[in-house]
Amino acid sequence: MMKIHQAVATALLDHGVNPLFGLMGDANMLYVGDYRELGGRFIPSSHEVSSVGMANAWAQATGRVGVTTVTCGPGIANTFITLVEAVKSSTPVLLMTGDAPLEPTHFQQLDIAAMAAAAGAGYEVVLEPSQAIRTLNRALQRVVSERRPVVFNLPQHMLLLEAGTQEPVTRGLPLSGGHADTGSA
């Protein structure tokens with residue numbers, strides 16, 4: 001049976017996400033590895049701020065949604081400056097991350113929703129494993145319809161859970177005012 005990390009990697013490719021920018025860590029390395037094994041092109045950055053910057057620049061150059069992924073805690077915190085820049089530019093960027101492990105005293109705990117709100121970005125969190133792809137679909141649809149970055153939070157503790165029956169991928173709407181090939185993420 002498929003795990004959540006496998007379902008998310010498959011859904012990214014089904015959405016047409018290629019390339020995926022990012023910096024790997026414990027919150028994303030499972031789905032990034034799967035994404036690459038399935039044929040997706042992962043472009044690593046040397047710092048999280050560069051990860052969002054690359055997705056932002058790519059989205060502006062292509063007219064497509066730029067997708068990037070970083071890990072929890074300091075990883076997501078390091079994206080703040082370029083996330084604000086993408087918000088101010090109204091750039092369609094999806095920033096994928098995941099809450100730190102559930103221990104309340106874990107040193108990488110961060111209120112990701114508050115950080116996204118402070119930056120002016122949208123926020124979507126997977127609350128139930130069975131809603132992983134539905135939440136990803138909604139996040140990508142919001143990126144396009146709101147023409148702003150959205151932070152997608154897939155908590156780490158869900159990555160190894162069974163995916164079960166997931167909602168099918170629903171393609172986002174075309175970007176308004178975008179360049180050629182605006183029908184895919």
Side-chain angles (χ1 to χ4, degrees), residues 3-5 7-9 11-12 15 17 20-32 35 44-56 59 65-161 163 166-167 172 185:
K3 305 284 186 188
I4 295 292
H5 64 90
V8 168
L12 287 172
H15 271 290
V17 173
L20 171 65
F21 303 95
L23 187 59
M24 287 192 353
D26 53 352
N28 62 7
M29 66 183 165
L30 293 174
Y31 64 79
V32 169
Y35 173 86
S45 67
S46 59
H47 192 276
E48 294 87 359
V49 76
S50 301
S51 174
V52 176
M54 291 188 310
N56 185 13
V65 175
V67 183
T68 186
T69 181
V70 298
T71 195
C72 62
I76 184 69
N78 284 339
T79 68
F80 190 77
I81 293 169
T82 48
L83 185 59
V84 169
E85 181 181 327
V87 168
K88 290 188 178 281
S89 300
S90 299
T91 307
V93 171
L94 181 69
L95 171 55
M96 300 176 67
T97 191
D99 277 326
L102 294 174
E103 301 93 46
T105 59
H106 192 277
F107 68 97
Q108 289 190 338
Q109 290 294 338
L110 177 74
D111 187 342
I112 299 170
M115 191 203 97
Y123 177 75
E124 292 288 339
V125 60
V126 178
L127 298 173
E128 297 290 331
S130 64
Q131 299 298 309
I133 305 309
R134 179 180 188 186
T135 308
L136 178 62
N137 289 342
R138 186 173 51 243
L140 282 164
Q141 289 168 345
R142 286 186 63 197
V143 165
V144 172
S145 66
E146 296 173 20
R147 189 90 183 175
R148 70 173 175 152
V150 171
V151 176
F152 173 76
N153 180 355
L154 175 59
Q156 283 186 54
H157 72 275
M158 290 187 193
L159 292 172
L160 290 170
L161 298 177
Q166 295 284 326
E167 185 172 301

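Start at 1 with the first residue, then count along the sequence.
Contact of the Leu160 side chain with the His5 side chain is registered, since non-hydrogen atoms from C-beta on lie closer than 4.5 Å. Counting only heavy atoms from C-beta outward, the side chains of Glu124 and Val150 approach each other to under 4.5 Å. By the 4.5 Å heavy-atom criterion applied to side chains, Arg142 and Arg148 are counted as neighbours. Contact annotation: the side chain of Thr82 never approaches that of Asn56 to less than 4.5 Å [non-hydrogen atoms, C-beta and beyond]. Residues Thr91 and Glu85 fail the side-chain proximity criterion, which asks for heavy atoms closer than 4.5 Å. For the pair Pro92 and Val143, the minimum side-chain heavy-atom distance is below 4.5 Å. Side-chain contact between Thr97 and Thr69 is absent, with no heavy-atom pair separated by less than 4.5 Å. Considering only heavy atoms from C-beta on, Leu95 stays 4.5 Å or farther from Pro149 through its side chain.
Ser130 OG to Glu167 CD: the interatomic distance, rounded to the nearest 0.5 Å, is 10.5 Å. In this structure, Ser145 OG and Leu140 CG are separated by 10.5 Å, a value rounded to the nearest 0.5 Å. For the atom pair CD (Glu48) and CG (Leu23), the distance works out to 4.5 Å, reported to the nearest 0.5 Å. Separating the CE atom in Met24 from the CG atom in Leu30 is a distance of 9.0 Å, to the nearest 0.5 Å. Rounded to the nearest 0.5 Å, atoms CG (Leu136) and OH (Tyr31) are 9.5 Å apart. Rounding to the nearest 0.5 Å gives a distance of 6.5 Å between CG of Leu20 and OG1 of Thr68.
For Ile81, the CD1 atom counts as loosely surrounded, since its 6.0 Å shell holds 12 or fewer non-hydrogen atoms of other residues, nucleotides or ligands. Remark: Glu128 CD is loosely packed, at most 12 non-hydrogen atoms of other residues, nucleotides or ligands lying under 6.0 Å away.
A donor atom on one side chain and an acceptor atom on the other are found under 3.5 Å apart for His15 and Asn137.
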Set out, in order, the CA-CA distance, both residues' side-chain angles and the distance that settles side chain to side chain contact (heavy atoms under 4.5 Å, CB included) for Ile133 and Val8, then state yes or no.
CA-CA 7 Å; Ile133 305 309; Val8 168; 4.2 Å; yes
Take Met115 and Ile112 through the side chain to side chain contact (heavy atoms under 4.5 Å, CB included) test and state the conclusion after the steps.
CA-CA 5 Å; Met115 191 203 97; Ile112 299 170; 5.6 Å; no
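Without hydrogens or angle criteria, Asn28 side chain to Gly25 main chain gives a donor-acceptor distance under 3.5 Å.
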